[in-house]
Protein chains: 2
Amino acid sequence: MARDVKRKYGGIGAGRRVSERRAKLLAAGLQAFGTKGFAGSSVKEICGLAGLTERYFYESFANKEDLLRCVYHGLVEDLVQSAEQILKSGGSREDPAMALVRLFFETLRDDPRIARVLYFEVLGVSPAIDAAYREGTRKMIQVVKETVATAFPGMDEQFLERSIITTGLAGAVNLILMRWVLEGFSPPLETMLDEAALLLEKVRRAGFLTRIIHDGFRD
Amino acid sequence: MARDVKRKYGGIGAGRRVSERRAKLLAAGLQAFGTKGFAGSSVKEICGLAGLTERYFYESFANKEDLLRCVYHGLVEDLVQSAEQILKSGGSREDPAMALVRLFFETLRDDPRIARVLYFEVLGVSPAIDAAYREGTRKMIQVVKETVATAFPGMDEQFLERSIITTGLAGAVNLILMRWVLEGFSPPLETMLDEAALLLEKVRRAGFLTRIIHDGFRD
DNA sequence: TGATTTTGACAAGAAGAAATGTCAAAATCA
DNA sequence: TGATTTTGACATTTCTTCTTGTCAAAATCA
């Protein structure tokens, strides 16, 4: 399979060819892990998807687990980057918090493989992967923190840093997304977004967070 | 190993002996999955822990995955039952919501194997396990719903049923617990409980949920 | 006691995968 | 063109595991 892969090693430098192979393997890893799961995917299979052979696998990755770690890391990195962009360029007419929510929902719905890797395949594989997950979660929580700080100006950042509120919020989004994935993306995106928007609006109108803070949280 | 296991098959009926073996295997499964993980545990190992041989494994379980499913199911069942008991017998002087929170935190801290199976090992193994997880999560969300209904009397149950609030709440607890587990149960239990109590108190004082409801959520 | 059931130890087949190694063909370079 | 590098196919080795099967010893029953 993949017999007609172009092989020009003169025009393209060696280093670049290696990284192109690496990219192919990453894409194949997402495909394999995201559809058949980590345990259900063999290195040979992944190489087949990438149109490469095992030799090139071990050129870029120590083992299958290492590939999973890199795939996961890339997904988190992409998501966080998109999120940061949304937060920084407040140009969008949409509420930044809602724009974030939309980003997550749309990303996962449009590529369920991402959802599977991000939420299901990365857990309980090995201590190294657990560490990567821990780091990924930390980044996501950071994004949530920045989002709250943006959506509720005047919020005490120190408070956000210390409290479990942001972790809780991230967890809420997390489980809602997980269930949505498991339910096959039903109800449809727009319904979910409407509900989220309504909830956010009510939270604002109730002055929930600001009340909690200014009501003297630590007295 | 386990050479001195008592073997009286006359005094104890056949069916009972089978279920005793089954129980031993379930305990061994929790031990294995909860310390070395699902992928890192072999059937032979589990049998060794149970003091039984492979023949008896397949007497009670179709395969390793089946054992994981049963272990997980048992853990969820126990937790839910403890929770229901706390909720029904409102006798405890403690706030039922906090009693629930305490139950979860204490259970996981006192037996981290439970935490590992419940939160990490059960994901991404197979469609059958995913289904079990889905059902387990559903039950947990149900408990959260009942807790909120108890803690905030006058709450519109229909609203709770329909909204994503309960899922979000369950997710919040979920991730907070996961991180706590991953951080090696630091900060200590009492700190976590204090923070949770403070948060709950503030939510009450802000009249958050009731405001959201009575403010006309669906207008 | 002698027969029978249950049990534990272990063999062994079947299967699959991880990771490394070999080698000739294809592509490229000089 | 001829030499060299890169590449793909595949063999191989070494494991590991699941799962079934065999068989004698121990416990029990009649």
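Hydrogens, waters and symmetry mates are skipped; everything else that's a heavy atom, side chains included, is used.
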Scan the side chains in residues 102-113 of chain A for donor-acceptor partners under 3.5 Å anywhere in the protein, sequence neighbours excluded, and list what turns up.
unit_1 : atom_1 : unit_2 : atom_2 : d
A/R102 : NE     : A/E94  : OE2    : 3.2
A/R102 : NH1    : A/E106 : OE2    : 3.3
A/T107 : OG1    : A/L103 : O      : 2.6
A/D111 : OD1    : A/R113 : N      : 3.2
A/D111 : OD1    : A/R113 : NE     : 2.9
A/D111 : OD2    : A/R113 : NH2    : 2.9
A/R113 : NH1    : A/Q31  : OE1    : 2.7

- [ ] Mind checking the CG-CG spacing from A/L177 to A/L118? Nearest 0.5 Å is all I need.
- [x] 9.5 Å
Open item on the list: Can you pull out every side chain to side chain donor-acceptor pair (under 3.5 Å) where at least one residue sits in residues 116-136 of chain B? Sequence neighbours excluded, please.
Closed with: A/E183-B/R134, B/E65-B/S126, B/R116-B/E121, B/E135-B/R138
TODO: To the nearest Å, give me how far apart CD (A/E45) and P (C/dG16) are.
DONE: 12 Å
Task: Atom pair distance, as rounded to whole Å: CD1 in B/I46 and C1' in D/dT19 - done: 14 Å
- [ ] Tell me which nucleotide among D/dC18, C/dG8, D/dG8 gets nearest to the side chain of A/Y56.
- [x] D/dG8
Open item on the list: So, using salt bridge (Lys or Arg N to Asp or Glu O under 4.0 Å) as the criterion, who are the partners of A/E45 when residues are at least two apart?
Closed with: A/K36
Show the atom names and distances, to 0.1 Å, of all donor-acceptor pairs under 3.5 Å that link a side chain in residues 141-149 of chain B to residues at least two apart or in another chain.
unit_1 : atom_1 : unit_2 : atom_2 : d
B/Q142 : NE2    : B/E146 : OE2    : 3.0
B/K145 : NZ     : B/E161 : OE1    : 2.6
B/T147 : OG1    : B/V143 : O      : 2.7

Open item on the list: Without decimals, in angstroms, what is the distance between A/L68 CG and C/dA18 P?
Closed with: 13 Å
- [ ] Start with the C-alpha distance between A/K24 and A/E20, add both sets of side-chain angles, then the distance that settles salt bridge (charged side-chain N to carboxylate O under 4.0 Å, His left out), and finish with yes or no.
- [x] CA-CA 6 Å; A/K24 276 186 192 171; A/E20 274 177 5; over 6 Å; no
- [ ] To the nearest Å, give me how far apart CG (A/L25) and P (D/dT7) are.
- [x] 13 Å
- [ ] To the nearest Å, give me how far apart CZ (A/R17) and C1' (C/dT28) are.
- [x] 10 Å
Task: Those residues that, when tested against A/F185, pass ring-ring contact (aromatic ring centres under 6.0 Å, His included) (two or more places apart) - done: A/W180
Open item on the list: Can you build the contact string for nucleotides 19-24 of chain C? Use B for base contact, S for sugar-phosphate-only contact, and - for no protein heavy atom under 4.0 Å.
Closed with: BB-B--
Open item on the list: Nearest whole Å is fine: how far is D/dT6 P from A/L52 CG?
Closed with: 16 Å
- [ ] Write down the distance between CD (B/E59) and P (C/dT7), rounded to a whole number of angstrom.
- [x] 8 Å
Task: Pairing pattern in dot-bracket form [Watson-Crick, G-U; both distances under 3.5 Å; | = partner strand] for DNA chain C - done: ||||||||||||||||||||||||||||||
Open item on the list: Taking salt bridge (Lys or Arg N to Asp or Glu O under 4.0 Å) as the definition, give me every residue that meets it alongside A/E77, ordered by chain and number, with sequence neighbours left out.
Closed with: A/K139
TODO: Kindly state each residue pair satisfying ring-ring contact (aromatic ring centres under 6.0 Å, His included) with at least one member in residues 18-57 of chain A, sequence neighbours excluded.
DONE: A/F33-A/F38, A/F57-A/F61
Open item on the list: Tell me the interatomic distance from B/K36, atom NZ, to D/dT16, atom P, rounded to whole angstroms.
Closed with: 12 Å
